[in-house]
Amino acid sequence: MEVIKQVHTIRERVQALRCSGKTIGLVPTMGALHQGHLQLLKASAAENDVTVCSVFVNPTQFNNPDDYELYPRTLDQDIALLETVGCDMLFAPGAEEVYPRQHTLLQFSFGALEAVMEGAHRPGHFNGVATIVSKLFHLVQPHRAYFGQKDLQQVAIVRQLVHSLSFDVQLVCFPTVREEDGLAMSSRNTRLSAAQRQVAPQLYMALKKAEAQLRQNPVPTIKAGVAAYLGQVDGVELEYFEIVDPATLQPVAGLDGMQEVALCLAAVVGPVRLIDNLLVNLNGH
Ligand code: AMP
């Protein structure tokens, strides 16, 4: 696997690949790779001639300086893992390579899509996401790009970005990979103490409880139930819990006429802010 740190090198490689008719799969990540990332990389390796993984802790999408500083960075370990899943190129640029001095941060607007949940609670977050994803799509020119449902709103924003800017890339989305106790895998989980790691699966438990009550109770009751449930868990502070239409991400007032809903939450556990979601098919049992 080739490790590339410079913009001009990735451009050269991609140009040569495109000229020889190879298909390119891109898996954008912030590193500290785990099984959630590896699932995307394996899928890309199976479906494309060449797989590129990007590892870049993107400063423009962090609204909290501590979160950026303390985000886990484990490049040597990432390289070893990438070698096991058939990744052909790692693009791991430094911040100054991606954002040269005196660059201008363009402003995106995603309207209602970003007025809720992560967009509402993390000002500027999706502007940073749209910026880095646009840059990566220009630099790597992938035929397919792989994302996780764990970041449900991100997938919706990137889908809108691709549509609005006519990127010629197919988006592929994979389900959330979980630890055995249900905790959604996340690079930030490594920052939890043993005690915090023990309570963190309660986020998934809360989602499962809400799912079980979905057909029996009105939306406000379910929302209050989740807040009460997590309110009793020491060391967990719920930021939001929403029941939304997965297509628009807008909160629903009731379930009448809905085929599917997404249950989404964010909570702070110790030093870390975690998100999770469940997609629920209402036509199922
Ligand atoms: P990140 O490195 O956290 O920015 O994630 C890079 C990509 O991996 C994003 O598309 C995430 O949605 C996806 N991802 C992260 N964690 C998981 C997980 N537990 N299951 C599935 N996909 C994930």
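Nothing fancy with the numbering, it's 1 onward along the sequence. In each ligand, atom 1 is the first atom listed, and ligand 1 is the first ligand listed.
- Closest to atom 21 (C) of ligand 1, if we only count protein heavy atoms, is P175 O, 3.4 Å.
- Of all protein heavy atoms, the one closest to atom 7 (C) of ligand 1 is P28 O, 3.6 Å.
- With a heavy-atom cut-off of 4.0 Å, L40 touches ligand 1 through its side chain alone.
- Closest protein heavy atom to atom 15 (C) of ligand 1: H34 CE1, 3.9 Å.
- For Y240 and E118, the side-chain atoms include at least one donor-acceptor pair closer than 3.5 Å.
- For S166, the side chain to side chain contact (heavy atoms under 4.5 Å, CB included) criterion is met by no residue, not counting sequence neighbours.
- Some N or O of G148 is nearer than 3.5 Å to an N or O of ligand 1, by distance alone.
- Proximity of the aromatic rings of F167 and H138 is defined here by a centroid distance below 6.0 angstrom, and this criterion is met.
- H37 NE2, 3.6 Å is the protein heavy atom nearest to atom 1 (P) of ligand 1.
- The shortest contact between atom 11 (C) of ligand 1 and any protein heavy atom is with D151 OD2, 3.1 Å.
- For atom 20 (N) of ligand 1, the closest heavy atom belonging to the protein is V177 N, 2.8 Å.
- Residue-environment remark: NZ (K209) stays at or below the threshold of 12 foreign heavy atoms within 6.0 Å.
- Inspection of the S193 and Q196 side chains reveals an N or O donor paired with an N or O acceptor under 3.5 Å.
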